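The shown structure was predicted, so the numbers you read here are calculated from the model rather than taken from an experiment.
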Amino acid sequence: MNISFFGLGYVGCVGMGCLAQNGHKVIGIDISSEKIKKINEGMPTIVEAGIDEIIREQHLQGRIRATHDYMEAVRESDISFVCVGTPSTTNGHLNLNYIYQTAEEIGEALKEKNGFHIIVIRSTVFPGTNKAVGKIIEEMSGKTRNVHFAVVSNPEFLREGTAVNDYMNPPLTVIGTDCEKARDIMTELYAPMGAPIETVSIEVAEMIKYVNNSYHALKVAFANEIGRVCKAYGIDSHEVMRIFCMDKQLNISPYYFKPGFAYGGSCLPKDLKALKTMAHDLYVETPVLNAIEGSNQHHMENAIEWIQAVGHKKIGVLGLSFKAGTDDMRNSPIIHVIETLYGKGYEIRIYDRSVSLARLIGKNKSVIEEKLPHLNCMLQDDMDSLLDWAETIIISNNDEIFKSVRVRDGQAVIDLVRIKELEKENGYRGICW
């Protein structure tokens, strides 16, 4: 394919070299004369392992060149990668001037060009930027999105120092598009990489890089806090984290990464508090660990706000224990929600097939006596009668029995387990977290 790269910095230089190595013909565009000169002399614009040899070889093969002329670059390519900078402003927003300026240039060039053209946003940008870029190009070119051109979001996952290897051997490739033709062309472009290709909505593609990098930052901060606590105890923190990383079933897995309701139970709250206490007693600062409980509490308060926003006073709750298939109510987050709503004058009825007043013993019994002394008036033996009575239904755990719930017209369902908007099936409103 014939490809143009707007921006010859880290992402653009690596992308140019790797795609040229795969046999494509690539033109680079940049405002820097020095960068253009380097590329045209067969030299990279960055210092990165392996890129020197790639740029030199592909330049000799005639597959790589650079220019100031964006009109020529668009005219002589079918795909334009946008890899320009998006620096942070002082308040944490992005300066998207370079993105929008590039969109104007591409739009101006497309005005004079026939044929379908794909614009690929490789820069890291806020959700909504892709659509804004499309509007600019439509205005500048007089052409129609997804007819004459398409705008694709294709985030990069490159680590400095291993960028070439990361480009050629990615864990996956994410393509965010609303155009079937662009999807097929981009899939063909990335097929030689041999990695899974995930075609998603534009907004998901725009969001994923922020999630990735924030989590990487969290991992570093978490590991360093564990390191400080271990050091204070004279424990080998590298050995601790080596063992931690061996658990691919829970610790490094998708298991705890499904957005849903707050955590609860006996272990997570207790052990988190204990680790924070260890650090406190040793005068070790652990701001990441200290923030977890507050974040979890905020999640419960959000749930209460969602329920209040619906406006109904008769609330049916499906699931009382902190996890489906158990009767463990220790630190069950839904109990806090019920307790708060009851105090605000809401009528509450509860069904959980694993929980029975007659079987409550030990800690479960004391939790209910302290938090929900009126549970005997709330707990129902029959789910169908609860569903007939309630105006709003709250699903707080994901037991199989709740998946077949059918509700009446006008009822609202707030599913605290899943994070997606429920479709308006059977006439009810759905708010799903």
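- Side-chain atoms of E57 and Q61 form a donor-acceptor pair, as typed in the model, at a separation below 3.5 Å.
- When all heavy atoms are compared, the tightest approach of T86 to V125 is CG2-CG1, 3.9 Å.
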- From CA spacing to verdict: side-chain hydrogen bond (donor to acceptor under 3.5 Å, both in side chains), H24, Q58: CA-CA 10 Å; H24 305 290; Q58 297 310 312; over 6 Å; no
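- Remark: side-chain polar atoms of R122 are paired, donor with acceptor, to backbone N or O of P155 under 3.5 angstrom.
- With contacts defined as side-chain heavy-atom distances shorter than 4.5 Å, the pair F157/V174 qualifies.
- With values rounded to the nearest 0.5 angstrom, Q308 atom CD is found 7.0 Å from E305 atom CD.
- Using modelled atom types, one side-chain atom of H148 and one backbone atom of T144 make a donor-acceptor pair closer than 3.5 Å.
- Of all non-hydrogen atoms in L110 and S141, the two that sit nearest each other are CB-CB, 4.0 Å.
- Counting heavy atoms from C-beta on, the side chains of F222 and L289 come closer than 4.5 Å.
- In this structure, T173 contributes its side chain and I197 its backbone to no donor-acceptor pair below 3.5 Å.
- Distance OG1/T286 to CG/L275: 7.0 Å, rounded to 0.5 Å.
- The shortest side-chain heavy-atom distance between E391 and I315 does not fall under the 4.5 Å cut-off.
- The environment of H280 atom NE2 is sparse: at most 12 non-hydrogen atoms of other residues, nucleotides or ligands sit within 6.0 angstrom.
- A cation-pi arrangement is not found for K143 relative to F149, the charged atom failing to lie both closer than 6.0 Å to the ring centre and inside a 45° cone about the ring normal.
- For E206 (side chain) and N130 (main-chain N/O), a donor-acceptor pair under 3.5 Å exists by modelled atom type.
- Note: Q21 CD to I51 CD1 = 8.5 Å, rounded to the nearest 0.5 Å.
- In this structure, OG in S396 is found 7.0 Å from CD1 in I338, a value given to the nearest 0.5 Å.
- Counting heavy atoms of neighbouring residues, nucleotides and ligands inside a 6.0 Å radius, atom NE2 of H68 exceeds 12 of them.
- Under a 3.5 Å cut-off, the side chain of D352 and the backbone N or O of L320 do form a donor-acceptor pair.
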- Message: Working note: K273 + K270, criterion side-chain contact (heavy atoms from CB on, under 4.5 Å); need CA distance, chi angles, decisive distance, verdict.
- Response: CA-CA 5 Å; K273 186 176 292 186; K270 177 175 69 72; 5.9 Å; no
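- Evaluation of the side-chain hydrogen bond (donor to acceptor under 3.5 Å, both in side chains) rule for T187 yields no partner, not counting sequence neighbours.
- Side-chain contact check for T177 versus M186: every heavy-atom pair is 4.5 Å or farther apart.
- The local environment of CD in E180 is sparse, with at most 12 non-hydrogen atoms from other residues, nucleotides or ligands closer than 6.0 Å.
- Atoms CG and CZ, on N22 and R63 in that order, are 9.5 Å from each other to the nearest 0.5 Å.
- No donor-acceptor distance shorter than 3.5 angstrom exists from the side chain of E104 to the backbone of I137, with no hydrogens or angles considered.
- At least one side-chain heavy atom of I185 sits under 4.5 Å from a side-chain heavy atom of I79.
- Taking a 6.0 Å sphere around CE of M241, one finds it holds more than 12 heavy atoms contributed by other residues, nucleotides or ligands.
- Heavy atoms from other residues, nucleotides or ligands lying under 6.0 Å from CD of E285 number 12 at most.
- Taking both residues in full, the closest heavy atoms of P333 and G264 are given as CD-CA, 4.0 Å, listed atom of the first, atom of the second, then distance.
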- Step by step, work out the side-chain contact (heavy atoms from CB on, under 4.5 Å) result for D52 and M43. CA-CA 6 Å; D52 305 59; M43 298 170 59; over 6 Å; no
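- Using bins of under 30°, 30° to 60° and over 60° for the plane-to-plane angle, the ring pair W306/H299 lands in the perpendicular bin.
- Side chain of N397 to main chain of G319: no donor-acceptor pair is present (N/O by atom type, distance under 3.5 Å, no hydrogens or angles).
- Atom NZ of K113 sits in a crowded spot, with more than 12 heavy atoms from other residues, nucleotides or ligands closer than 6.0 Å.
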- Task: With side-chain hydrogen bond (donor to acceptor under 3.5 Å, both in side chains) as the test, would you mind laying out the steps for S80 and S4 before giving the verdict?
- Result: CA-CA 5 Å; S80 293; S4 54; 2.7 Å; yes
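- For I31, the CD1 atom sits in a loose shell: 12 or fewer heavy atoms of surrounding residues, nucleotides or ligands are nearer than 6.0 Å.
- Using a distance-only test at 3.5 Å, with no hydrogens or angles considered, no donor-acceptor pair links the side chain of N95 to the main chain of P87.
- Side-chain contact check for I350 versus I348: some heavy-atom pair is nearer than 4.5 Å.
- Checked against a 6.0 Å centroid threshold, the rings of Y210 and F126 count as neighbours.
- Annotation: Y215 is in aromatic contact with F257 [ring centroid separation under 6.0 Å].
- The minimum heavy-atom distance between A232 and L282, with the atom names listed, is CB-CD1, 3.7 Å.
- With a 4.5 Å cut-off on side-chain heavy atoms, N154 and F81 count as touching.
- One N or O on the side chain of E138 and one on the backbone of R145 form a donor-acceptor pair closer than 3.5 Å.
- In this model, no donor atom of one side chain and acceptor atom of the other lie less than 3.5 Å apart for E156 and Y167.
- Here the closest non-hydrogen pair linking T45 and K38 is CA-CD, 4.2 Å.
- For the atom pair CD1 of I64 and SG of C13, the computed distance is 7.5 Å after rounding to the nearest 0.5 Å.
- Nearest heavy atoms, I3 versus F5: CG2-CE1, 3.7 Å.
- S77 contributes no side-chain N or O that, together with a main-chain N or O of N2, makes up a donor-acceptor pair within less than 3.5 Å.
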- Message: Using the rule given for side-chain contact (heavy atoms from CB on, under 4.5 Å), can you reason through I121 versus V152, listing the C-alpha separation, both sets of side-chain angles and the distance that settles it, and then say yes or no?
- Response: CA-CA 6 Å; I121 300 178; V152 172; over 6 Å; no
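- Side-chain contact check for K25 versus E76: every heavy-atom pair is 4.5 Å or farther apart.
- Heavy atoms from other residues, nucleotides or ligands lying under 6.0 Å from OH of Y190 number more than 12.
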